[in-house]
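Here's the structure we're looking at; comments come further down.
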Amino acid sequence: AQSVTQLGSHVSVSEGALVLLRCNYSSSVPPYLFWYVQYPNQGLQLLLKYTSAATLVKGINGFEAEFKKSETSFHLTKPSAHMSDAAEYFCAVSHPGGSYIPTFGRGTSLIVHP
Amino acid sequence: EPEVTQTPSHQVTQMGQEVILRCVPISNHLYFYWYRQILGQKVEFLVSFYNNEISEKSEIFDDQFSVERPDGSNFTLKIRSTKLEDSAMYFCASSERSSGSDEQFFGPGTRLTVL
């Protein structure tokens with residue numbers, strides 16, 4: 001079985017501050033990991049994904065995430081938050097060679113203050 | 001840029017009524033999915049569809065639910081005899097292939113409210 005846990009349903013940062021959204025996974029085999037973003041009134045959009053190549057993955061809009069097997073984590077970071085980053089962020093896990101259906105976390109709402 | 005569209009954006013219905021949620025996947029995609037998210041909870045997989053048949057479904061997807069691709073563009077989710085607990089955001093998604101690393105493209109969702 002696979003699962004993800006997103007710590008913190010809401011994260012609040014000031015514009016220009018570091019963004020850190022936490023995701024821990026549970027998987028019986030090396031996983032594929034994803035971060036999706038959902039802007040208001042829009043669908044989920046893929047930010048980045050880890051598929052067993054480089055452990056540091058760069059995505060769109062300046063986001064990146066690092067796969068740490070020892071910590072079973074895949075935290076999402078961005079050095080400097082913009083107001084436009086305010087959105088809901090979802091971490092997801094799937095299995096190579098297994099079910100291609102991703103298992104999602106509950107989501108973290110990122111709030112950016114001016 | 002191609003995108004998945006869903007209609008309506010918000011559907012209000014009375015308990016016991018049937019609803020049909022509609023999706024138009026990206027035109028060259030072959031795999032289609034429905035997910036739901038109850039307020040404050042996880043995004044949950046409901047069903048996947050390929051070659052005009054269900055390829056995988058979750059335990060949530062019981063006899064109350066059905067999916068159909070009635071023509072070459074639409075992909076629908078029918079919920080019969082809606083219950084209060086069916087109130088959720090329903091997302092449609094599509095992908096070119098079905099490997100574990102392939103990106104699924106999501107629509108903006110339909111918010112279903114059952115009264």
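First the proteins, then the strands, lettered A, B, ... as listed; each starts at 1.
- Within 6.0 Å of the CG atom in D63(B), the count of heavy atoms belonging to other residues, nucleotides or ligands does not exceed 12.
- At a 4.5 Å heavy-atom cutoff, Y31(B) makes no contact with chain A through either its backbone or its side chain.
- Side-chain contact between F45(B) and T103(A): absent, with no pair of heavy atoms (C-beta onward) separated by less than 4.5 Å.
- Each of F91(B), F105(B), Y35(B) was checked for a side-chain contact (heavy atoms from CB on, under 4.5 Å) with L44(A), and the lone residue meeting it is F91(B).
- The two atoms that bring P102(A) and Q104(B) nearest to each other are CD-NE2, 3.5 Å, heavy atoms only.
- The six-membered or imidazole ring of F106(B) lies near that of Y36(A), with a centre-to-centre distance under 6.0 Å.
- The number of heavy atoms from other shown groups lying within 6.0 Å of CD (E85(B)) is above 12.
- Interface residues of residues 8-18 of chain A toward chain B, defined by a heavy-atom distance below 4.5 Å: none.
- Residues I60(A) and Y32(A) are members of separate hydrophobic clusters, defined by side-chain heavy-atom contacts under 4.5 angstrom among Ile, Leu, Val, Met, Phe, Trp and Tyr.
- Enclosure of atom CG in L56(A) by more than 12 non-hydrogen atoms of other residues, nucleotides or ligands within 6.0 angstrom is indicated.
- Looking at every heavy atom in both residues, Q37(B) comes nearest to R106(A) through NE2-O, 3.8 Å.
- The heavy-atom pair separating K42(B) from V4(A) by the smallest distance is NZ-O, 3.6 Å.
- At a 4.5 Å heavy-atom cutoff, the contact between Q38(A) and chain B is made by side-chain atoms alone.
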